2 protein chains.
Amino acid sequence: MSIPHTRQSTERLLTPGEVASLFRVDPKTVTRWATAGRIGSIRTPGGHRRFRESEVQALLATLTTEASTADAR
Amino acid sequence: MSIPHTRQSTERLLTPGEVASLFRVDPKTVTRWATAGRIGSIRTPGGHRRFRESEVQALLATLTTEASTADAR
DNA sequence: CTTCAATGGGGTAATTGGGGGA
DNA sequence: TTTGTCCCAATTACCCCATTGA
């Protein structure tokens, strides 16, 4: 258990557009991921979303499939 | 109930720029939040704004949504 | 007193959100 | 089922320069 403290001032946040660029998708798609709960988000008081860079990187790594590292080089 | 524990010694004040960094927005945006009454602010005699760290942290926590722990593909 | 980064105010461009449909 | 696109309204970002704060 133990709920992790939300005390990370060094946590870099990304805009929807930046995340969209990383995944090569439309910003709207990123919005849907957030709505569907596939990725955590931080909303500004105005309603716009920001995403944790570490979480985005982790998601990218999770969805990344590498080819066998047989002797490729 | 009233709260006699007014620990202002622990009450740090943040500048617009610091709050902006936490939300990954422009300092001007934080100013608009204060003007719109979305966040409480303290004005210096010169007109500059300062924000209560506890209030900012609380607001940040409220607007934060964690990703679903279940991996639905 | 001098310096200089940060802030406020105003105005304008860019991004985002939400609904709906392809 | 997921994504991209069009609509419009709201929010946010960047430009100017005078003032404040340290």
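Reminder, nothing fancy here: chain letters follow the sequence lines and each chain counts from 1. Predicted model only: the values in this text are computed from it and were never measured.
Residue A/Arg32 is classed as a base contact, given a heavy-atom separation below 4.0 Å to a base.
Rounded to an integer number of Å, the gap from B/Phe23 CZ to D/dA13 C1' is 17 Å. The interatomic distance linking A/Asp26 (CG) with C/dG19 (P) rounds to 17 Å, in whole Å. Rounded to whole angstrom, the span from the CG atom of B/Leu63 across to the P atom of D/dT12 amounts to 11 Å. If you measure from atom CD of B/Glu18 to atom P of C/dA6, you get 11 Å, rounded to the nearest angstrom. We find that CZ of A/Arg43 is positioned 19 Å from P of C/dT15, with the value rounded to whole Å. If you take CZ of A/Phe51 and C1' of C/dT16, they are 10 Å apart, rounded to a whole angstrom. Residue A/Leu14 contributes atom CG, which lies 14 Å from atom P of D/dA13 at whole-angstrom precision. Atom NZ of B/Lys28 and atom C1' of C/dT15 are 18 Å apart (whole Å).
The existence of a salt bridge linking A/Glu18 and B/Arg24 is confirmed by a sub-4.0 Å separation between a basic side-chain nitrogen and an acidic carboxylate oxygen.
In this structure C/dT16 sits in a base pair with D/dA9, meeting the Watson-Crick or G-U test at under 3.5 Å. Across all strands shown, D/dT3 forms a Watson-Crick or G-U wobble pair, both distances under 3.5 Å, with C/dA22.
Listed pair A/Thr31 / C/dG18 fails the phosphate criterion, with no side-chain N or O lying under 4.0 Å from OP1 or OP2. At the phosphate of C/dG9, OP1 or OP2 sits under 4.0 Å from a side-chain N or O atom of B/Arg49. Contact check, B/Trp33 against D/dT11: no side-chain N or O comes under 4.0 Å of OP1 or OP2. Regarding contacts with the backbone of D/dA13, a side-chain N or O of B/Thr29 is found under 4.0 angstrom from either OP1 or OP2.
B/Thr35 and B/Arg49 make their closest contact through OG1-NH2, 3.5 Å (heavy atoms, listed as atom of the first residue, atom of the second, distance).
Checked against D/dT12, D/dG21, C/dG17, the side chain of A/Pro16 finds its nearest nucleotide in C/dG17. In the set C/dT16, D/dG21, D/dA13, C/dT16 carries the atom at the smallest distance from any side-chain atom of A/His48. Nearest to the side-chain atoms of B/Thr44 among the listed nucleotides D/dT20, C/dG17, C/dT7 stands D/dT20.
The shortest side-chain heavy-atom distance between B/Phe23 and B/Thr29 does not fall under the 4.5 Å cut-off.
Tracing side-chain contacts under 4.5 Å through hydrophobic residues (I, L, V, M, F, W, Y), one reaches B/Phe51 starting from A/Leu13; they form part of the same cluster.
Atoms CD and CD, on A/Glu11 and A/Glu55 in that order, are 8.5 Å from each other to the nearest 0.5 Å.
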